[in-house]
Asks: 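Questions regarding the structure given below will be posed in turn.
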2 protein chains.
Amino acid sequence: MSQQRTGPTGGPDFPDLPEATVARLPEYLRALHHLAEDGHDTVSSEGLAAAAGVNSAKLRKDLSHLGRTGTRGVGYDVTLLIDQIEQVLGLTHRRAVALVGVGNLGHALAGYAGFGTRGFRIAALFDADHGRVGEHINGLVVRHIDDLPEVVEQESISIAVIATPAHAAQHVADRLVEAGVTSVLNFAPCVLNVPDGVDVRKVDLAIELQILSFHEHRKSALTALPAAVQKPGRVGMANRLGGEAVAT
Amino acid sequence: MSQQRTGPTGGPDFPDLPEATVARLPEYLRALHHLAEDGHDTVSSEGLAAAAGVNSAKLRKDLSHLGRTGTRGVGYDVTLLIDQIEQVLGLTHRRAVALVGVGNLGHALAGYAGFGTRGFRIAALFDADHGRVGEHINGLVVRHIDDLPEVVEQESISIAVIATPAHAAQHVADRLVEAGVTSVLNFAPCVLNVPDGVDVRKVDLAIELQILSFHEHRKSALTALPAAVQKPGRVGMANRLGGEAVAT
DNA sequence: TTCTGTGAACGGTTTCACAGCC
DNA sequence: GGCTGTGAAACCGTTCACAGAA
């Protein structure tokens, strides 16, 4: 799973990237698109690292996994690097995504323009509530969840977003997997059980806040202590230029 | 920053937890609340680990950082453990949260009930658009962002959620920090620069999908290969019981 | 000379395996 | 006997520091 470049899954076209690197490539991609818009055609590791909010050693190590990508003494070619990253991430064609659950959050996600501009196309909306089926959102009709297998097949959907209440999420996940979906982004606050070969990522808003709460708690405890025992120049978590990753 | 228990920030009431542990405590908390609702009053490490989607060795190691929490031969007392985790996370009182940006996503977040049930209270809504100021959402009035300092002070707000477009996010972050906010959850797809002592966590929907896209890409490349070279019993990422963390 | 690419050192996290307590 | 708590080992990720290409 690590750097071995000669294993069965390795090879020049499919470098076996560390997960931490995979999670950062999208950030580099976003920064690169920004740089391209601003007219840069090359960028140094230092410059790109700053734009992406990481340090340059990490960035160079990450990019080195993709093979020779930069030019020593010069830097990286912006458009070339964009192509290489998009290639590796499988973003050379727009992937069709299904969204299940068009409640409060689902509505917002259905209307989110960021999907469209960054490699994805919301191809279908689903809900279990017959009262919502037939509703038009952003040019798409909400379909009943029973139509999943048919639509997933028709639209070649392999990625789905779950934005249902927690109690429905496992059931929805089961039906998605059954219909052939192999990647799920779960917004429902619960654990999903899926078979091997299916990837799940989750976003839980309350968990993010609770992690922040921990640090708040600790900061306020620190300021309550006599200043003498505090480490110099350090209050709570030091936060070098660019915030902290959600991806521990 | 690691296990040293005797440093200035350590001490029995403020264990210096590893970040990876902090990120999982909220998951345990959620699972424990579920167990409590179902009438369990004790749970084994095995049982709680399954409910939270991790393995039991990790769970025990995590909980060991909180001090003696379980009983050998028996397991963990559910309500006691809930109390201990809430204590450590600083969830003994409801923290007031400000939400900036009441567009598409902001609206949905403002209406999300999960905040209320898991230790937070949305105490104020802000927007820069005068056309939106005055609007009522879920019992709260949208205020203009110029009122930030006043309201942050009045409501003792230390945590804010940014749900603005990317181009406005840095400006909003600066004003939040200026007003005294020390933790930010950023939904805008951009890097935020904040001073030391301010924590930032980010959620970027497109990035999550792009990470899934990478794995999809790799899975389809694998199935295209002759079966003989695939590692036995393994297609893409093995995904043991419960999905994968977003938080690396 | 400049800036990438990378071995080596380091630190944090996970897993293992079992000692210790109920 | 059962289950927690924990050293030790294995693993992964980050940082350092510099060799080497342009």
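Numbers restart at 1 for each chain; the letters A, B, ... are given by sequence-line order, proteins then strands. Everything quoted here is computed from the prediction, not taken from an experiment.
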Asks: Using a heavy-atom cut-off of under 4.0 Å over every strand shown, decide if S56(A) touches base, sugar-phosphate, or nothing.
Replies: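 Counting heavy atoms under 4.0 Å across all strands, no contact is made by S56(A).
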Asks: Provide the full list of salt bridge (Lys or Arg N to Asp or Glu O under 4.0 Å) pairs with a residue in residues 28-37 of chain B, sequence neighbours left out, each pair given once.
Replies: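 Applying salt bridge (Lys or Arg N to Asp or Glu O under 4.0 Å) to every pair that reaches into residues 28-37 of chain B, excluding sequence neighbours, yields D204(A)-R30(B), E27(B)-R30(B).
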Asks: Whether Y76(B) contacts dG5(D) is assessed here as follows: a side-chain N or O lying under 4.0 Å from the phosphate OP1 or OP2. Is that the case?
Replies: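 Looking at the OP1 and OP2 atoms of dG5(D), one of them is under 4.0 Å from a side-chain N or O of Y76(B).
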Asks: Determine, for K219(B) against E216(B), whether the closest basic-nitrogen to carboxylate-oxygen distance falls under 4.0 angstrom.
Replies: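 A salt bridge is present here (some side-chain N lies under 4.0 Å from a carboxylate O).
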Asks: Who passes side chain to side chain donor-acceptor pair (under 3.5 Å) against Q84(A), sequence neighbours left out?
Replies: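 Residues passing side chain to side chain donor-acceptor pair (under 3.5 Å) with Q84(A): none at all.
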Asks: What's the shortest heavy-atom distance between A166(B) and A188(B), and which atoms?
Replies: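 Closest heavy-atom pair between A166(B) and A188(B): CA-CB, 4.0 Å.
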Asks: Whole Å only: how far is the NE2 atom of H65(A) from the P atom of dT4(C)?
Replies: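 Spelled out: NE2 on H65(A) to P on dT4(C) is 16 Å.
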Asks: Is the shortest side-chain N/O distance from T21(B) to OP1 or OP2 of dT13(C) below 4.0 Å?
Replies: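 Looking at the OP1 and OP2 atoms of dT13(C), neither is under 4.0 Å from any side-chain N or O of T21(B).
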Asks: Report the distance from atom NZ of K58(B) to atom P of dT14(C), rounded to the nearest whole Å.
Replies: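 My rounded result for the distance is 4 Å.
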Asks: Distance check needed: dG5(C) P versus L59(A) CG, whole Å only.
Replies: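 These atoms are roughly 10 Å apart.
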Asks: Polar-atom pairs under 3.5 Å, protein N or O versus N or O of nucleotides 19-22 of chain D: list them with distances, or write none.
Replies:
from, atom 1, to, atom 2, distance (Å)
dG20(D), N3, R72(A), NH1, 3.4
dA22(D), O4', R72(A), O, 3.4

Asks: Would you mind reading off the distance between E46(B) atom CD and dT4(D) atom P, rounded to a whole angstrom?
Replies: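 Going from E46(B) (CD) to dT4(D) (P), I get 8 Å.
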Asks: Between Q170(A) and D174(A), is any side-chain donor less than 3.5 angstrom from a side-chain acceptor?
Replies: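 Per modelled atom types, Q170(A) and D174(A) side chains form a pair under 3.5 Å.
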Asks: Could you tell me whether the side chain of L185(A) reaches within less than 4.5 Å of the side chain of V97(A), counting heavy atoms only?
Replies: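 Not in contact.
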Asks: Within the pair N55(B) and dT14(C), is there a side-chain N or O less than 4.0 Å away from OP1 or OP2?
Replies: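 It does not, given that no N or O in the side chain of N55(B) lies less than 4.0 Å from OP1 or OP2 of dT14(C).
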Asks: Between S158(A) and V181(A), what is the shortest heavy-atom contact and its length?
Replies: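 Nearest pair, atom of S158(A) first, then V181(A): O-CG1, 3.4 Å.
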Asks: Measure CG/L25(A) against C1'/dG13(D) and give the value in whole Å, please.
Replies: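 For the pair L25(A) CG and dG13(D) C1', the rounded distance is 15 Å.
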Asks: Is there a side-chain polar atom (N or O) of K61(B) under 4.0 Å from OP1 or OP2 of dT13(C)?
Replies: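 The answer is no; no side-chain N or O of K61(B) sits under 4.0 Å from OP1 or OP2.
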Asks: Within this structure, what is the CG-to-C1' distance between L81(A) and dT4(C), rounded to whole angstrom?
Replies: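 For the pair L81(A) CG and dT4(C) C1', the rounded distance is 13 Å.
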Asks: Quick one: is R24(B) getting a side-chain N or O under 4.0 Å of the dT14(C) phosphate, OP1 or OP2?
Replies: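 Yes, such a contact exists.
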Asks: Taking CZ from R68(A) and C1' from dC3(C), how many angstroms apart are they, rounded to a whole number?
Replies: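 Whole-Å distance recorded here is 16 Å.
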Asks: Rounded off to whole Å, could you give me the CZ-to-P distance for the R60(B) and dG20(C) pair?
Replies: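 It is 16 Å, rounded to the nearest whole Å.
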